[in-house]
Amino acid sequence: ETLAPLPPRLQRSTMATMAARFAAAVACLALPVMGTSVTPIQKVIQLMQDMKQKGISEKEAESVRFTAFDQWCGDQKRVKTDEINAGTEKIEKLAAGIEKDAVHIAKLTNRIEELEEDIARWAKDHKSATDIRNKEAEDYRATSTDFGETLSALDEAIMVLKKKATKTDQVAALLQVKNMHLVPEGSKRQLEIFLQQPAVEEMPDEMLFHKAPEAYGYEFQSGGVVDMLEKLKDQFETQKYDLDKEEMTAQHAFEDIAQQLTDNTENAKHEVEKKTVERSETQQAKADKEGEKGQAESDRAEDQNYLDETTALCTLKTDDFNARQKLRGGEIEAISQAIDIMSSDAVSGAGDEHLPASFVQQGTALAQLRSTATGDIQSRVSAFLAERAKVLNSRVLQQASMHVANDPFGKVKKMIKDLISTLMQEATEETEHKGWCDTELTTNKQTRDQKTEAIEQLTATKDDLTSLIAQLTQDIEDLTTAVAELDKAMQEATEMRTASKEKNTATIKDAKEAQVAVQQATAVLKDFYAKSAQATALAQQSPAEDAPETFDKPYQGLLPEGGNVVSFLEVILTDFARLESETSTSEAMEQDEYEKFTFESKKDRALKENEKGHKTAKRSDSEQALAQTEEELKLTQGQLDKAVAYYEKLKPTCVDSGITYEERVKRREEEIQSLQEALKILAGTDLS
C-alpha cells in the first residue's frame, strides 16, 4: 500500500527511536558469542555491503521508473505540441479558406447583379429597337404603296397616250397622274398645260386652214408628255427599288441586333443561374469551414490545457527525483567510504589480531512495500349508413351516419346529395390522376434503377480504390515507422554504446581506487545518519491518472531498514578485481554486438526506403483515379437524389398505401350506392 509522509514531529520521534535501536544493535554486536568464526568487523562490513547494494538497487529502480516517467513526459509534450501546432495550422488554413470563400461570394454577388442589370438593359434595348423597326416598316409600307399606285397610274397614262385615245380618256389618265402626291410640281405644271390644249376634234377642219401641221404639233406635244411620263416612271421605279433595298437592309440589321440581344440575354441568364448555384455552394462550404474551425479551436484549447498541466507535473516530479537521487548518492558514497575504511589493513588487521570470533551470522530482514478498486326514417337511414360504413370500413359513410342522426331532415337530404356529387367528382379526378401517376412512376423508376446501378458500380470502384489507397497508406506508414524505429534504434544504440563505454571505463578506474581511512568512514556515517532525519520529503502534488508510477513517500535513508550500516563495508574491497575483469569483458562484447546491429539496420533501412518509394507512386496514381470516380459518383448521386425526391413527392398521391386503386373505386361505388339507397329511404322508398 502507498504510505503518506509522517508529520515532522513524528518524523523526528521516529528517527530518534531508530537511532536508539541502531546503537543497541551495535552494542549487541559487541557481545562475544562463543563457537563462531565471524569477527565483529567482518559482520559490520557484510551489513554495510548489503545496505549499499540495497541502496544501489533502489536508486537504480527509482531511476528506471523516473526514466519511464520522463520518457512519458517527453512523449506527451511532443505529441501535444504537434497536435497544437497541427490545430493552429488547420485553424489558419480554415480561416484563410473562410476569407477566400467570403471574397469569392462577394465577387459572385457583384457579377450576378451586373448580369441582371445587363439583362434589364438589353430587354429595354430590344423593345426600343423593335418599336423603331415597326415604325420604319409602317412608313415603308405606306411609301411603297404610294410608289405602286403612282407607277400604275403612269403605266395607264402612257398606254392611253400611246394609243392616241380620245381626249377624254387622256385627260382622265393624266389627271390621275397629276393627282399623285409623289409627282413633282414641274411635271404637274406640264401636265396642266397639256390638259389645257384644245382637243383635235374641237379644232377647225384642217382643210380650211392648214393641213396636218397642227395635228402633228398635237402629236408632238403628246409625245413630249409620254417622254416625261416615262422618265417619271423610270425615276419612281429607281426610287422604289432603293426604298425596297433600304427596307431589306434595315430589316436585316434589326434582326442582327435582336439576335445579338437575345443571345446576350440567354447567355447572361445561364451565367446568372450557374453563378447563383456556385454562390450557394460556396456559402455552404464557408459555413462548414466555420463550424470546423470552431471545433478545431476548442480541441486546441483542450490540448493546450493538457500540455500545461503535464508540464507542471513533470517539472515537480523532476525536482523531487533530483533531490532523492542526490540523497541516495550521498548515502551510497558514505557507505562506500566506510566499507573501504573498515576493509583496510588498519582496521581488519587489527580486528583479526585483537578481536575474537564472536558473532553469530544473522540474516538481515528488509521491509518491502507493495501496491494492491347522436324520428325513425332518419334513424333507419343513420343505422343503414352506420352498418354500411362498418362493412365498407368507410369514414365518409360513418360521418354521414352521424349527420343523419343529428341534423334536420331537409339538411340531411341535401348533405347526402352533396356527398354523392362529391364522390362522383372524386372518381373522375382520381381516374385522370392515376393515368398521370402511372406515366410518371414508370419514368421515375427507370431513372432510379439506372442511376442506382451506376452508383453501385461507381461505389464498388471507389471502395476498391479506397481500400487500395488505405492499404498502400498503411504500408507506407508502416515502412515510415519501421525506418524511424530503425533510425531511433541505431541512435539509441549509439548513445547506449557511448554511455556504456564511458561507464565501463569509469567503473574500471573506480575499482582500482577504492580505499578510505576508517576514521573517515565512521565520521561520514555518523554525520550522514545524524542529518538523515531532515531529508527531503515528497512535495504535495495532484497526480495525473495517466502518468507512470514514480515515488509517493519521502526518503530518509537506508539505516532504519538496514540495521547496522557498518556491516556493508566488508565485501567491497574483494569485489573490485572481479568488477574490473567483468567490465572489460562486457565492453568488448558490447562493441562487437553494436557493430553487427548497425550494419544490419542500415541494410534493412535501405530496402524499406526503396519499397516505400514504389508504394508512394502507386498510391498517387490510385488517388487520382479515386478523385475522378468520386466526382462522377457525386454527379450520379445528385441525379439519383433528385429522382428519389421526385418519387417521394409522387408517393402521397400516386403510390397505394394499404389499399389499391381498384379497391378505392369499388369502395367509392358502394359508398355512392349506399348514399343513393339512403335517399330512397328518406324519400319513402323502402330498400329492396
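Distance check, rounded to the nearest 0.5 Å: CD of Glu453 to CG of Leu640 gives 12.5 Å. The CD atom of Glu292 sits 5.0 Å away from the CG atom of Leu94 when rounded to the nearest 0.5 Å. Rounded to the nearest 0.5 Å, atoms CD (Gln639) and CZ (Arg448) are 15.0 Å apart. Summarising the geometry, atom CG belonging to Asp320 is positioned 9.5 Å from atom CZ belonging to Phe66; distances are rounded to the nearest 0.5 Å. Note: Glu609 CD to Lys612 NZ = 5.5 Å, rounded to the nearest 0.5 Å. How far NZ of Lys608 is from OG of Ser601: 9.5 Å, rounded to the nearest 0.5 Å.
Under the rule for a side chain to side chain contact (heavy atoms under 4.5 Å, CB included), the partners of Thr629 that lie at least two apart in sequence or sit in another chain are Leu458, Thr461, Lys462, Leu465. Scanning for salt bridge (charged side-chain N to carboxylate O under 4.0 Å, His left out) contacts around Glu485 gives an empty result, with sequence neighbours left out. Applying the side chain to side chain contact (heavy atoms under 4.5 Å, CB included) criterion to Thr282, with sequence neighbours excluded, gives Asp101, His104, Ile105, Leu108, Glu278.
Minimum heavy-atom separation, Ala493 to Phe597: CB-CE2, 3.7 Å. Taking every heavy atom of both residues into account, Trp122 and Ala268 meet most closely at CZ3-CB, 3.7 Å. Across all their heavy atoms, Lys286 and Ala102 have their closest contact at CE-CB, 3.9 Å. Nearest heavy atom pair, residue Asn444 against residue Tyr646, reads ND2-CD2, 3.7 Å. Across all their heavy atoms, Ser63 and Phe321 have their closest contact at CA-CE1, 3.8 Å. The heavy-atom pair separating Met490 from Arg605 by the smallest distance is CE-CD, 4.2 Å.
Considering only heavy atoms from C-beta on, Thr265 stays 4.5 Å or farther from His126 through its side chain. Annotation: side chain of Leu441 is in contact with side chain of Tyr647 (closest heavy-atom distance under 4.5 Å). Glu136 is not listed as a side-chain neighbour of Phe254, based on a closest heavy-atom distance of 4.5 Å or more. Proximity of Cys314 to Asp70: side-chain heavy atoms (C-beta onward) are nowhere separated by under 4.5 Å. Contact of the Asp604 side chain with the Phe599 side chain is not registered, since no non-hydrogen atoms from C-beta on lie closer than 4.5 Å.
Side chains of Gln471 and Asp475: a donor-acceptor N/O pair is present below 3.5 angstrom, by distance only. Between the side chains of Glu246 and Tyr140, no donor-acceptor pair of N or O atoms lies under 3.5 Å. Glu114 and Asn110 share no side-chain donor-acceptor pair at under 3.5 Å. In the model, Gln251 has a side-chain atom that pairs as donor or acceptor with a side-chain atom of Glu255 under 3.5 Å. Side-chain polar atoms of Gln491 and Glu495 form a donor-acceptor pair below 3.5 angstrom. For Ser500 and Tyr594, the side-chain atoms include no donor-acceptor pair closer than 3.5 Å. Side chains of Asp288 and Gln284: a donor on one and an acceptor on the other come within 3.5 Å.
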task = Step by step, work out the side-chain hydrogen bond (donor to acceptor under 3.5 Å, both in side chains) result for Glu595 and Gln591.
result = CA-CA 6 Å; Glu595 292 174 354; Gln591 182 63 30; 3.2 Å; yes

task = List the steps and the verdict of side-chain hydrogen bond (donor to acceptor under 3.5 Å, both in side chains) for Thr473 and Glu477.
result = CA-CA 6 Å; Thr473 300; Glu477 290 177 354; 6.0 Å; no

query = Going through the checks in order, is the side chain to side chain contact (heavy atoms under 4.5 Å, CB included) test met by Leu468 and Lys618?
reply = CA-CA 9 Å; Leu468 176 59; Lys618 186 176 180 180; 4.3 Å; yes

ask   = Yes or no on salt bridge (charged side-chain N to carboxylate O under 4.0 Å, His left out) for Lys501 and Glu590, after CA distance, side-chain angles and deciding distance?
value = CA-CA 9 Å; Lys501 184 173 183 179; Glu590 288 174 1; over 6 Å; no

inquiry  = Using salt bridge (charged side-chain N to carboxylate O under 4.0 Å, His left out), reason through Glu297 and Lys293 one step at a time and then give a plain yes or no.
reply    = CA-CA 6 Å; Glu297 289 173 342; Lys293 178 173 175 288; 2.7 Å; yes

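With hydrogens and angles ignored, the 3.5 Å screen pairs no side-chain donor or acceptor of Ser467 with any backbone N or O of Asp463. At distances below 3.5 Å, at least one donor-acceptor pair connects side-chain atoms of Asn322 with backbone N or O atoms of Thr318. For Asn85 (side chain) and Thr81 (main-chain N/O), a donor-acceptor pair under 3.5 Å exists by modelled atom type. Side chain of Ser620 to backbone of Thr616: no donor-acceptor contact under 3.5 angstrom is found.
Salt-bridge check for Glu138 with Arg141: failed, with every basic side-chain N at 4.0 Å or more from each acidic carboxylate O. The pair Glu89-Lys93 meets the salt-bridge criterion, with a side-chain N (NZ, NE, NH1 or NH2) lying under 4.0 Å from an Asp/Glu carboxylate O. Comment: Lys135 engages Asp139 in a salt bridge, judged by a side-chain N to carboxylate O separation of less than 4.0 angstrom. Using a cut-off of 4.0 Å between Lys/Arg side-chain N and Asp/Glu carboxylate O, Arg300 and Asp303 are scored as not salt-bridged.
When the options Thr262, Asn264, Asp263 are evaluated for a side chain to side chain donor-acceptor pair (under 3.5 Å) with Gln260, the one that passes is Asn264.
Within a 6.0 Å radius of NZ in Lys77, more than 12 heavy atoms belonging to other residues, nucleotides or ligands are found. Atom CD of Glu631 has 12 or fewer heavy atoms from other residues, nucleotides or ligands within 6.0 Å.
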